[in-house]
Amino acid sequence: MRVSFVKMHGLGNDFIVLDARETALPGVLDNAAVRALADRREGIGCDQLILLESDEAADCRMRIFNQDGGEVEACGNASRAVGLLLGKPARIATAGGIIETRPDGDACSVDMGVPRFGWDAIPLAYAMDTLTMPLGWEELEQPAAVNVGNPHVVFFVEDNDATRLDTLGPIIEQDELFPERVNVNVATVENRSTIRLRVWERGAGLTRACGTGACATAVAAMRRGLTEREVTVHLPGGPLTILWDEDERITMSGPATESFRGSFEWSDYA
Ligand SMILES: N[C@H](CCC[C@H](N)C(=O)O)C(=O)O
């Protein structure tokens, strides 16, 4: 049976979007099927695979699968892409909570909810201050940790372009301090309204952009008094605007793009 998909991206962080709201998939989308579809040599290729399902309490449910096949709680760039696909303001249920999208031309803003900072909410394996964690991995030390639906650790450095994120990213991602593993953010604060960010994503590696990483990094910088409450975060793929308002809610705004539409033979991948 052929299955249709929409290929989308947010600042180069790319997705295969499957819409199963009206018609269920012909089979189970298991870890192996996700890895096969996400593979950039043998499959269609993506950082994350997004599955839309109907939902009683929201306009739809968005399930998020990393390139390594693992299902996760949140994906900022995909939230904007799906917001654009839905074409009108929507409430989307995710494993990390309800998010609200508001498309505007080729951009979309997303209410990503309220971040959490407790060590057990990140989660960490044991209790510790999450604003300035008393530990490090070689030149990366004393990070902050934030949960924005998914877990993030944020390092602030003088020049994040000089950081060996391809080497240290996977080491930190898999460290036993993070029972759910972690997304690794390395940021340089350029001024009180501008941050440069590179991200090693849990289950996907180095990506061109990470929406939840931009949210987590902005909030960590604000908590440390490094920036104002609205900042532009410059990722390799482009900029996102992050606002952390007086109700503690995060709004992320930026572009999302539909690249092309296609279909595949389900039995080739599952
Ligand atoms: N790798 C992330 C999921 C995708 C996040 C990223 N693509 C974004 O835009 O937020 C995780 O395992 O939590």
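Remember, it's a predicted structure, so these values are computed and weren't measured experimentally. Remember, it's 1-based here, ligands and their atoms both numbered in the order they're listed.
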Check your understanding: Out of curiosity, R35 CZ to N31 CG, how far, rounded to the nearest 0.5 Å?
Key -> 5.5 Å

Study note, to complete from the structure: Separation between CG (D120) and CG (N147), nearest 0.5 Å, reads 10.5 Å

Exercise for review: Decide whether the shortest distance between a heavy atom of C210 and an atom of ligand 1 is less than 4.0 Å.
Suggested key: yes

Check your understanding: What are the atoms of ligand 1, with element, lying closer than 4.0 Å to any heavy atom of N150?
Key -> 2 (C), 11 (C), 13 (O)

Review point. Nearest protein heavy atom to atom 1 (N) of ligand 1, by residue and atom, and its distance?
Key: E201 OE1, 2.8 Å

Review point. Side chain, backbone, both or neither: which part of A204 comes within less than 4.0 Å of ligand 1 when only heavy atoms are counted?
Key: neither

Review point. For atom CD of E42, is the number of surrounding heavy atoms from other residues, nucleotides or ligands below 6.0 Å larger than 12?
Key: no

**Study point:** Which segment of A74 sits under 4.0 Å of ligand 1 when only heavy atoms are counted
**Key:** backbone

Check your understanding: Where is the tightest heavy-atom contact between P89 and P103, given as atom of each residue plus distance?
Key -> N-CD, 3.8 Å

Check your understanding: Where on Q48 is there a heavy atom closer than 4.0 Å to ligand 1, on the side chain, on the backbone, on both, or on neither?
Key -> side chain

Exercise for review: State whether the shortest distance between N or O atoms of G211 and N or O atoms of ligand 1 falls below 3.5 angstrom.
Suggested key: yes

Check your understanding: If you measure from each non-hydrogen atom of N66 to ligand 1, which part falls under 4.0 Å: side chain, backbone, both or neither?
Key -> side chain

Review point. Between T212 and ligand 1, does any nitrogen or oxygen pair lie at a separation below 3.5 Å?
Key: yes

Point to revise | Residue part near ligand 1, for N183, under 4.0 Å between non-hydrogen atoms | key: side chain

Revision key, fill the gap. d(R63 CZ, E53 CD) to nearest 0.5 Å is 5.0 Å

Practice item. Measure across M252 and G211 and return the closest heavy-atom pair with its distance rounded to 0.1 Å. Key: SD-CA, 3.8 Å

Review point. Would a hydrophobic clustering, with Ile, Leu, Val, Met, Phe, Trp and Tyr connected at side-chain separations under 4.5 Å, put V17 with V72?
Key: yes

Check your understanding: Looking only at heavy atoms, which two atoms of V148 and P115 are closest? And how far apart?
Key -> CG1-CB, 4.1 Å

Review point. Please state which protein non-hydrogen atom is closest to atom 7 (N) of ligand 1 and give its distance, to 0.1 Å?
Key: N13 OD1, 2.8 Å

Check your understanding: Does an N or O from G76, backbone or side chain, lie closer than 3.5 Å to an N or O of ligand 1?
Key -> yes

Study note, to complete from the structure: Logged contact type for N77 with ligand 1, heavy-atom cut-off 4.0 Å, is both

Review point. Do R223's NZ or CZ and the ring of F117 fall within the cation-pi criteria of under 6.0 Å and 45°?
Key: yes

